[in-house]
Participant: 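Got a structure for you, written out below as structure tokens; questions coming shortly.
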Number of protein chains: 2
Amino acid sequence: MGKGLETRERILAIAEMSVLAKGFGATSIDEVIAEAGLTKSGFFYHFKDKNELARAMLLRYVAANDRVFDDVFGRGRQLSDDPLQAFLIGLKLLAEVMADLPNGHPGCLIASVCYQERMFDREVRAIAASSVQGWNARFRATLDEIARLHPPREAVDLDTVADMMSCIVDGGIIMSKLMADPRRLEHQVLAFRSFVKMLFGPAAAVRPVQPATA
Amino acid sequence: MGKGLETRERILAIAEMSVLAKGFGATSIDEVIAEAGLTKSGFFYHFKDKNELARAMLLRYVAANDRVFDDVFGRGRQLSDDPLQAFLIGLKLLAEVMADLPNGHPGCLIASVCYQERMFDREVRAIAASSVQGWNARFRATLDEIARLHPPREAVDLDTVADMMSCIVDGGIIMSKLMADPRRLEHQVLAFRSFVKMLFGPAAAVRPVQPATA
DNA sequence: CAAAAACCGTACCTCGGGTACAGCGTTTCG
DNA sequence: CGAAACGCTGTACCCGAGGTACGGTTTTTG
């Protein structure tokens with residue numbers, strides 16, 4: 001890595017921590033460059049403005065997130081040939097990853113962009129939207145595969161279920177941060193797992209007590 | 001309503017629209033007072049700083065939200081004696097309310113505070129946290145009532161299910177805004193409804209043969 | 001009618017984003 | 001080896017937005 005890219009990466013890492021901790025608006029350039037050990041001119045050499053910083057941070061964040069998803073769901077597929085079981089294993093692993101973060105999940109840059117602290121330009125929002133769309137498409141494909149083998153118990157649109165995954169994670173992050181309780185995110189992922197399990201799982205699920213009449 | 005309170009309310013309404021549309025940081029006081037037809041001095045007469053504005057906006061938002069919840073779930077209880085059916089009806093009504101908003105849900109101020117655009121003081125965050133806690137407690141009570149009559153199919157913590165409601169709504173709002181598709185929020189609420197239905201519903205649920213089509 | 005409430009106007013300060021350049025040491029490449 | 005490109009530093013300056021200070025004015029209301 002060239003010296004330029006190295007500095008750039010350092011700026012991005014510092015900025016991301018600050019943004020997730022305090023928000024984009026509350027993250028001042030002065031503060032970032034102080035920690036990165038360079039001057040304002042140096043900063044603007046790498047990023048022409050704060051928008052470009054946001055854009056670069058988003059791309060970095062999305063790539064890191066993709067790696068996590070690839071990892072957990074890839075390992076799920078290694079551990080079971082059945083797509084449903086593989087997905088359930090992946091979700092369990094994902095919940096574990098979320099729980100293992102020492103200070104809770106740092107937050108979701110996507111949501112941060114969505115609840116725009118300052119006005120981001122169209123490109124930034126487009127990046128956020130398209131990456132979420134990518135995740136949804138990925139989960140949708142998995143769900144299709146599952147549904148082929150395990151017909152769903154309820155008539156739910158699979159696109160919506162795929163969306164639900166992102167919603168739960170984003171919502172769970174907000175809840176965790178708000179309540180200062182990192183475990184809430186883990187629980188939400190596991191609750192989504194229960195949903196998937198019930199939706200596609202065998203009808204002969206254990207039912208502790210006798211069925212009640214509606 | 002005295003003239004002072006009237007102006008205050010006007011400021012809050014204008015500010016809320018702006019904040020939900022552009023974020024708190026991007027909402028300038030100058031802009032708000034221009035639309036409200038008063039001067040800077042007038043603004044600072046009502047709110048000593050932007051933090052106090054945020055605090056007041058939050059309280060207003062929470063109260064409005066409470067009214068919506070009271071309404072839909074109250075109507076649900078009127079329409080069915082069974083707590084599960086009442087809750088399911090309430091969720092359906094909630095989804096309808098979400099869908100009927102002309103420009104999509106304006107956004108969640110709670111999440112906006114969480115992804116703090118500027119540094120809010122402790123009191124603002126405390127208000128946000130305690131109101132979410134209030135909602136969770138409310139849903140938890142409802143779920144307890146349901147579980148007493150309809151034993152859950154899966155061993156899921158009811159606190160987590162109660163949390164899930166808030167997570168789904170917040171996540172759904174983010175998704176809707178990001179994708180510029182208001183219907184996504186409605187779908188998420190209905191998906192959560194399916195979850196509740198499967199969790200507490202009769203085991204003899206209809207099982208469609210073919211997988212859902214896109 | 002008088003006091004309190006609800007403002008207006010002006011002036012001024014600070015901080016953060018951002019621009020404009022001029023220059024300087026290091027790397028790279030013909 | 002020399003020139004160009006890269007990766008910065010330093011200074012100076014502009015602007016908008018939050019915020020303070022304070023005196024004056026109108027409007028409400030008891």
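Each chain gets a letter, A, B and so on, in the order its sequence line appears, and its residues count up from 1.
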Participant: Sequence neighbours left out, what passes side chain to side chain donor-acceptor pair (under 3.5 Å) with A:Asp82? Give chain and number order.
Facilitator: A:His150
Participant: Along nucleotides 3-13 of chain C, 5' to 3', which nucleotides get a B, which get an S, and which get a -, given that the test is a protein heavy-atom distance under 4.0 Å?
Facilitator: --SBBBBB---
Participant: Holding to ring pair (Phe, Tyr, Trp, His ring centres under 6.0 Å), I want the full list of residues that pass it with B:Phe192, two or more places apart in sequence or in another chain.
Facilitator: none
Participant: Measure the distance from NZ on A:Lys48 to C1' on D:dC8 and round it to the nearest whole Å.
Facilitator: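 Roughly 20 Å, once rounded to whole Å.
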Participant: Please list all pairs meeting salt bridge (Lys or Arg N to Asp or Glu O under 4.0 Å) that have one or both residues in residues 119-138 of chain B, counting only residues at least two apart or in different chains.
Facilitator: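 Checked against salt bridge (Lys or Arg N to Asp or Glu O under 4.0 Å) - neighbours excluded - the pairs reaching residues 119-138 of chain B are B:Arg55-B:Asp121, B:Arg55-B:Glu123, B:Asp70-B:Arg138.
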Participant: Measure from CG on A:Asp30 to C1' on C:dT14 and round the result to the nearest Å.
Facilitator: 13 Å
Participant: Using whole Å, what does the distance between atom C1' of nucleotide C:dG17 and atom CD of A:Glu31 come to?
Facilitator: 14 Å
Participant: Could you list all the salt bridge (Lys or Arg N to Asp or Glu O under 4.0 Å) pairs where at least one residue sits in residues 161-178 of chain B, not counting sequence neighbours?
Facilitator: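 Non-adjacent pairs meeting salt bridge (Lys or Arg N to Asp or Glu O under 4.0 Å): A:Arg184-B:Asp163.
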Participant: Hydrogens and angles aside, do A:Asn65 and A:Trp135 bring a side-chain donor and acceptor to less than 3.5 Å of each other?
Facilitator: no
Participant: Return the value, rounded to whole Å, for the distance between atom CG of A:Leu53 and atom C1' of C:dG18.
Facilitator: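 These atoms are roughly 14 Å apart.
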Participant: Expressed as a whole number of angstroms, how long is the span from B:Asp49:CG to D:dA21:C1'?
Facilitator: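 In whole Å, D:dA21 C1' lies 16 Å from B:Asp49 CG.
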Participant: Got a sec, which residues hit side chain to side chain contact (heavy atoms under 4.5 Å, CB included) with B:Ser18, two or more places apart in sequence or on another chain?
Facilitator: B:Lys22, B:Thr27, B:Glu31
Participant: Find the distance A:Lys50:NZ to C:dT19:P and express it as a whole number of Å.
Facilitator: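 So the two atoms are 14 Å apart, to the nearest Å.
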Participant: Rounding to a whole Å, what distance do you find between A:Phe44:CZ and C:dA22:P?
Facilitator: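 For the pair A:Phe44 CZ and C:dA22 P, the rounded distance is 19 Å.
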